[in-house]
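Read the numbers this way: they start at 1 and go in the same order the structure lists the ligands and their atoms.
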Amino acid sequence: METTSTAIETHLGLENPQAPGFAPIPWEPKPEGCEDVMWRFSGNPILTWNPIPRGARIFNSAVIPYEGGFIGILRVDYKNGRPQLHLARSEDAVKWDIEHEMIQWENEAGEPIQNSYAYDPRLCKIEDTYYITWCDDFPGASIGMGYTKDFKTFVKAENPLMPFNRNGVLFPRKKNGEYMLLSRPSDSGHTPFGEIILSHSKDLTYWGKHRHVMKNGGSGWWQGAKIGAGSIPIETSEGWLLFYHGVSHTCNGYVYSIGAAILDLDEPWKVLWRTRDYLLTPEKEYETVGFVPNVAFPCAALYEEDSGRIAVYYGAADTNTAIAFCQRDELIDYIKSNSEV
Ligand code: BMA
């Protein structure tokens, strides 16, 4: 019988209490003896090779709580090598029921449109609307933006920024009536440079007041080639907590690691603290072996304010989807005392 979606069975290790109306986020306590501030889910990878018909790999994907469960906007690379976005649903954010057909977009006039490719989605709730940003074909790599209220109708908006650009990450609330978007100006290929910029908009169409946020490099070669915003920033009392990727250019190609920064709450282009050392770098086989070896690429984070638990979703080796955990207060203390801005 034809199915329209695939339920993926994976290991589950959840144990935290359920807040009313919200499903608990995936969580495992830090393993005994682990000295790192970020640790991997023992059930990794949660998605791996050939997860759905025609879909070769799912990675670099976004998740968000929705109606007592979770929604995923997943990057699916097909067996012809091109990526598109698929909707997925989950009760526990570990096992995913994935639509077999790509998301169908319409323009603001209600006419159907198709992206020639779409990858590296981020998913951000602002007020009552869910915004999706991704790497779009403008032509050439650029930031695509769309929105939905119900995950049934998906409307594509104007491309916010000129090409070439990647890693568009919205802030979850407006400031002084303005939306804020992080991005990483790039080329349209395997960009050898890249820094994070913040832009403002009153209407999601016209963007300006561009501010430089973060440079690649510093003394850390792990982020020496380029950096890019990862997850939607998490609001904390210390500032906006942002997970990002840092890239090292080796004689064997790029290596993508995960770092974090804390941005000023009122002026988020000001970096208050930033990890001197990476939090997580490709070490496990599902991170070092795959379509593109040595990639850990964060695109989303689930957060529980009361407990401070954070589950970071990252693509591994452009093949797998994995989760890593950290605890907000421990992480913030760590970033503050091991910071190099
Ligand atoms: C970047 C993006 C990511 C990818 C990474 C490693 O340029 O295209 O989607 O994970 O390269 O291949």
**Student:** By the side-chain hydrogen bond (donor to acceptor under 3.5 Å, both in side chains) test, which pairs, at least two apart or in different chains, include something from residues 43-56?
**Tutor:** Asn44-Tyr286, Thr48-Asn320
**Student:** For ligand 1, is there an N or O atom under 3.5 Å from any N or O atom of Asn60?
**Tutor:** yes
**Student:** Between Trp269 and Trp240, does a ring pair (Phe, Tyr, Trp, His ring centres under 6.0 Å) hold up when you go through it step by step?
**Tutor:** CA-CA 10 Å; Trp269 53 91; Trp240 292 104; over 10 Å; no
**Student:** Are any of the N/O atoms on Tyr119, whether in the backbone or the side chain, positioned under 3.5 angstrom from an N/O atom of ligand 1?
**Tutor:** no
**Student:** Nearest 0.5 Å please: distance from the CG atom of Leu181 over to the CG atom of Leu161.
**Tutor:**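 Taking CG in Leu181 and CG in Leu161, the distance rounds to 5.5 Å.
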**Student:** Once you measure the plane-to-plane angle for Trp105 and Phe154, does it fall in the parallel (<30°), tilted (30-60°) or perpendicular (>60°) bin?
**Tutor:** perpendicular
**Student:** Classify the contact between Tyr256 and ligand 1 as side chain, backbone, both or neither, using a heavy-atom distance cut-off of under 4.0 Å.
**Tutor:**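 Within the 4.0 Å criterion, Tyr256 contacts ligand 1 through side-chain atoms alone.
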**Student:** Provide, to 0.1 Å, the distance between atom 3 (C) of ligand 1 and the closest protein heavy atom, together with that atom's residue and name.
**Tutor:**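 Among all protein heavy atoms, the one nearest atom 3 (C) of ligand 1 is Asp120 OD2, 3.2 Å.
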**Student:** Kindly state each residue pair satisfying salt bridge (Lys or Arg N to Asp or Glu O under 4.0 Å) with at least one member in residues 107-121, sequence neighbours excluded.
**Tutor:**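 Output for this query lists Arg75-Asp120.
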**Student:** Is it the side chain, the backbone, both or neither of His190 that has a heavy atom closer than 4.0 Å to ligand 1?
**Tutor:**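 Within the 4.0 Å criterion, His190 makes no contact with ligand 1.
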**Student:** What I want to find out is whether Glu267 reaches Arg211 closely enough, with some N-O distance under 4.0 Å, to be called a salt bridge.
**Tutor:**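 Salt bridge between Glu267 and Arg211, a charged N being under 4.0 Å from a carboxylate O: no.
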**Student:** Would you mind checking which non-hydrogen protein atom is closest to atom 6 (C) of ligand 1, with the distance to 0.1 Å?
**Tutor:**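 Closest protein heavy atom to atom 6 (C) of ligand 1: Asp318 OD2, 3.4 Å.
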**Student:** What do you reckon, does Arg75 have a nitrogen or oxygen under 3.5 Å from a nitrogen or oxygen of ligand 1?
**Tutor:** yes
